[in-house]
Amino acid sequence: MEHRSEFSKKIGEESSNYNQLESAGQLMYTLIGELYPICRSITGRGFRTSLASLKHYIPLEIHEVPSGTKVFDWTVPNEWNISDAFVKNEEGEKIIDFARSNLHVLNYSIPINRKMSLEELEPHLFSLPDQPDVIPYRTSYYKENWGFCLSHNTLAALKDGIYEVVIDSSLSPGSLTYGEYFLAGEIEDEILISTHCCHPSLCNDNLSGMAVSTFLAKELTGMKRRYSYRFLFIPGAIGSITWLARNEDKVHRIKHGLVVACVGDPGPMTYKKSRRGNAEIDIAVEHVLKHSAKNYRITEFSPYGYDERQYCSPGFDLAVGSLTRSPHGTFPEYHTSADNLGFVIAEALEDSLAKYRLVIETLECNKRYINLNPKCEPQLGKRGLYTSVGGQKQSPENELAILWTLNLSDGSHSLLDIAERASLPILTISNAVLHLERHGLLRIAE
Ligand code: ZN
């Protein structure tokens, strides 16, 4: 008996089309390496350049929403761009230099160019006393400010004196950019995959999410899909708020969704449930992780985190969870210069992509069926569906899958219900379905 559904065979073929010498994980790591130096923010050139890189993989549609546009209780902010920034000491040395790390600038800093004392400069310097070697990542999107982020060691070594402070940035009317990729399926119901792309040189949060989403989208392209898929590459918070405000008429089509972030570190997979807590996506992801033979964590929904906060706000209450590895805020590298190319690994990216693929396979095959021979069991042996040797202590998995599928296919149980009840992977159940359909014992329920 084959162990993979038609859908999974196709997705497997697609994923095996990669360059034989490089795994998907390595290719995603390479993409992260290309995007790493770019200074991204919630608006501006860095965000656009990053989406342009993703267009080499998938034909993203780019949207520009003018600054000042009202989006529910929020307003699309002015566009921020930056060319250079530094702090020079009296000897003319650049002691903080944007060219060395874009994390050195408080993201969204307004321009400044003047000399000042250390005393005047200090309130604008941000460091982490508990992690004295790393540069923190800080932002000030909605309150005009300027500042520099630096290691606590560098800060502690600053001497009294006059410093030249330059931030060559602009904050002016422009637009908010986001990327959207829609793949039509057999049905209008959609699966949403949403990724924030607004962080500068940080790898796990959020370049890993951008890479895994892009590769998942690429794999799904050109495949026969039951569901329609919508991939969003957006700035965090304001991006999902903007998309929801502009697409309120389409939101009802989103039946399942996942927010992708922090999928490149070596930690175990973590699933944060949707606000509903018992949606099909919640059951599907837990099912996949449970049968993955690896450690995993499930956490309940909380209104803190990434864009699931907006998708799961009460006015939308979408079935959107978040599938990550180490969740935001739980690893010491989080929002620091230590979330770099040494922190994410190809193996973790590949494993994360595989888990997303399995969740999608699960949703794709999670249909209801009708047993066409419901009065007593059909004679499976004469159809070659059952072992000819009776009396064995335990039936092999495939036979159990056939028995459970026949027993629960009354039109009210989905394949995921059956798989959960039988404690078998859904792909074993969907494989049993293929065989039972072939023998005229099962049909899809309408
Ligand atoms: Zn973040």
Side-chain angles (χ1 to χ4, degrees), residues 32 35-44 46-47 50-51 54 74 77 80 82 101-109 126-128 130-131 134-143 145 147 149 176-179 193-214 232-243 258-267 269-272 299 301-312 320-344 348-349 352:
I32 289 172
L35 297 170
Y36 181 67
I38 301 170
C39 183
R40 276 164 295 274
S41 184
I42 54 171
T43 61
F47 198 100
S50 302
L51 293 190
L54 303 188
W74 297 66
W80 184 69
I82 182 161
S101 169
N102 58 42
L103 295 175
H104 274 314
V105 167
L106 175 75
N107 203 281
Y108 249 64
S109 280
F126 304 92
S127 71
L128 288 170
D130 295 343
Q131 292 171 270
V134 301
I135 308 164
Y137 161 57
R138 294 283 181 274
T139 66
S140 189
Y141 302 137
Y142 303 105
K143 182 172 179 277
N145 195 3
C149 305
L176 174 149
T177 311
Y178 66 87
I193 304 288
S194 177
T195 311
H196 64 283
C197 311
C198 49
H199 291 28
S201 290
L202 296 165
C203 284
N204 201 33
D205 177 18
N206 50 208
L207 292 177
S208 68
M210 291 168 70
V212 167
S213 295
T214 301
L232 295 181
F233 295 85
I234 51 178
I238 190 68
S240 48
I241 293 168
T242 300
W243 189 86
L258 288 173
V259 169
V260 192
C262 300
V263 282
D265 68 280
M269 297 298 293
T270 304
Y271 179 64
K272 175 183 165 183
T299 61
F301 175 78
S302 73
Y304 186 69
Y306 297 118
D307 289 297
E308 67 277 9
R309 294 159 65 158
Q310 315 309 330
Y311 302 125
C312 295
V320 175
S322 180
L323 182 56
T324 65
R325 301 190 80 87
S326 296
H328 65 89
T330 64
F331 49 97
E333 295 83 358
Y334 174 74
H335 280 192
T336 77
S337 53
D339 183 0
N340 56 27
L341 288 165
F343 183 53
V344 294
L349 293 163
S352 301

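Excluded from the calculations below are hydrogen atoms, water molecules and symmetry mates; all remaining heavy atoms, backbone and side chain alike, are included. The shown structure was predicted, so the numbers you read here are calculated from the model rather than taken from an experiment. Numbering of ligands and ligand atoms starts at 1, following listing order.
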- Message: Going by ring pair (Phe, Tyr, Trp, His ring centres under 6.0 Å), name the residues that satisfy it together with Y108, two or more places apart in sequence or in a different chain.
- Response: W80, Y141
- Message: Do D265 and V344 have side chains that approach each other closer than 4.5 Å (heavy atoms only, starting at C-beta)?
- Response: no
- Residue and atom names of protein N/O/S atoms that fall under 2.8 Å from the Zn ion (ligand 1): H199 NE2, D205 OD2, H335 NE2
- Query: If only atom types and distance count, is the side chain of N204 paired as donor or acceptor with the main-chain N or O of G264 below 3.5 Å?
  - Reply: yes
- Message: What I want to check is whether the side chains of N107 and S41 have a donor and an acceptor closer together than 3.5 Å.
- Response: yes
- Message: Can a donor-acceptor pair be found, under 3.5 Å and without considering hydrogens, that links the side chain of N206 to the backbone of A261?
- Response: no
- What about the rings of Y304 and H328, do their centers lie closer together than 6.0 Å? yes
